[in-house]
Amino acid sequence: MAAYSASKGGIASFTHSLALEYSKQGLRAVNIVPGGISSGITDNIGSLVPADTDWNLFLKLTAAIGDGLPGPENVAGVVAMLVSDDGAFITGTEIRIDGGAHM
């Protein structure tokens with residue numbers, strides 16, 4: 001997990017740097033951080049994880065709100081907002097779409 005965590009931190013820092021470096025050209029940089037998304041792969045998650053999986057730990061990574069995993073439309077809605085006039089003042093940040101799973 002150390003390399004994975006470091007890469008996540010690197011992407012966040014990279015987003016901040018891009019936003020700062022290109023702000024004068026009117027460009028924005030936003031890091032969208034989705035959690036688990038409902039898909040064909042996640043429909044059968046139980047068959048994809050090792051038999052000795054600690055399900056108590058696994059369930060701690062689930063969203064704090066909602067029931068189950070969100071669909072791709074939840075991420076698409078945030079992206080649509082960001083490219084619209086409503087998102088014109090958002091840059092240099094991360095937007096988590098994980099239902100609070102990161103808490």
Side-chain angles (χ1 to χ4, degrees):
M1 291 301 293
Y4 176 78
S5 297
S7 68
K8 289 283 202 175
I11 295 295
S13 184
F14 183 60
T15 301
H16 303 165
S17 295
L18 283 175
L20 185 60
E21 287 180 31
Y22 291 97
S23 62
K24 299 298 182 210
Q25 288 94 330
L27 299 175
R28 298 180 295 124
V30 179
N31 180 9
I32 298 173
V33 187
I37 302 295
S38 180
S39 69
I41 292 174
T42 59
D43 291 344
N44 299 311
I45 193 72
S47 66
L48 300 174
V49 295
D52 61 347
T53 296
D54 181 349
W55 286 100
N56 289 325
L57 178 60
F58 193 80
L59 292 173
K60 289 180 181 180
L61 302 174
T62 59
I65 59 173
D67 184 24
L69 295 174
E73 66 278 359
N74 294 101
V75 177
V78 173
V79 172
M81 181 275 300
L82 286 170
V83 300
S84 74
D85 289 342
D86 292 333
F89 210 65
I90 299 172
T91 192
T93 192
E94 298 77 43
I95 298 179
R96 293 181 179 163
I97 309 169
D98 67 359
H102 67 280
M103 295 188 286

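The analysis underlying the following values was restricted to heavy atoms, covering all of them including side chains, and did not include hydrogens, waters or symmetry mates. Sequential numbering from 1 along the given sequence is applied to the chain's residues.
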Do Ser5 side-chain atoms and Ala2 backbone N/O form a donor-acceptor pair below 3.5 Å? no
Do Val83 and Met81 sit in one hydrophobic cluster, given that two such residues count as connected whenever their side-chain heavy atoms are within less than 4.5 Å of each other, even indirectly? no
Counting N and O atoms only, with roles assigned by atom type, does the side chain of Ser23 sit under 3.5 Å from a partner on the main chain of Leu20, one being a donor and the other an acceptor? yes
Here the gap from Asn31 atom CG to His16 atom NE2, rounded to the nearest 0.5 Å, amounts to 7.5 Å
May I ask you to decide if Ala29's main-chain N or O and Thr91's side chain share a donor-acceptor pair within less than 3.5 Å? yes
Applying side chain to side chain contact (heavy atoms under 4.5 Å, CB included), run through Ile11 and Glu94 and close with a yes or a no. CA-CA 10 Å; Ile11 295 295; Glu94 298 77 43; over 6 Å; no
Got a second to check how far Asp98's CG is from Ile37's CD1, nearest 0.5 Å? 9.0 Å
Considering all heavy atoms of both residues, which atom of Ile90 and which atom of Val30 are nearest to each other, and what is their separation? O-CG2, 3.7 Å
Specify the closest pair of heavy atoms between Val33 and Lys8, including all atoms of both residues, with the distance to one decimal. CG1-NZ, 4.2 Å
If you look at every heavy atom in Pro34 and Val75, which pair is closest and at what distance? CB-CG2, 4.0 Å
Is it the case that atom CZ in Arg28 sees more than 12 heavy atoms from other parts of the structure closer than 6.0 Å? yes
In Å, rounded to the nearest 0.5 Å, how long is the span from CD1 of Ile32 to CG of Leu82? 5.0 Å
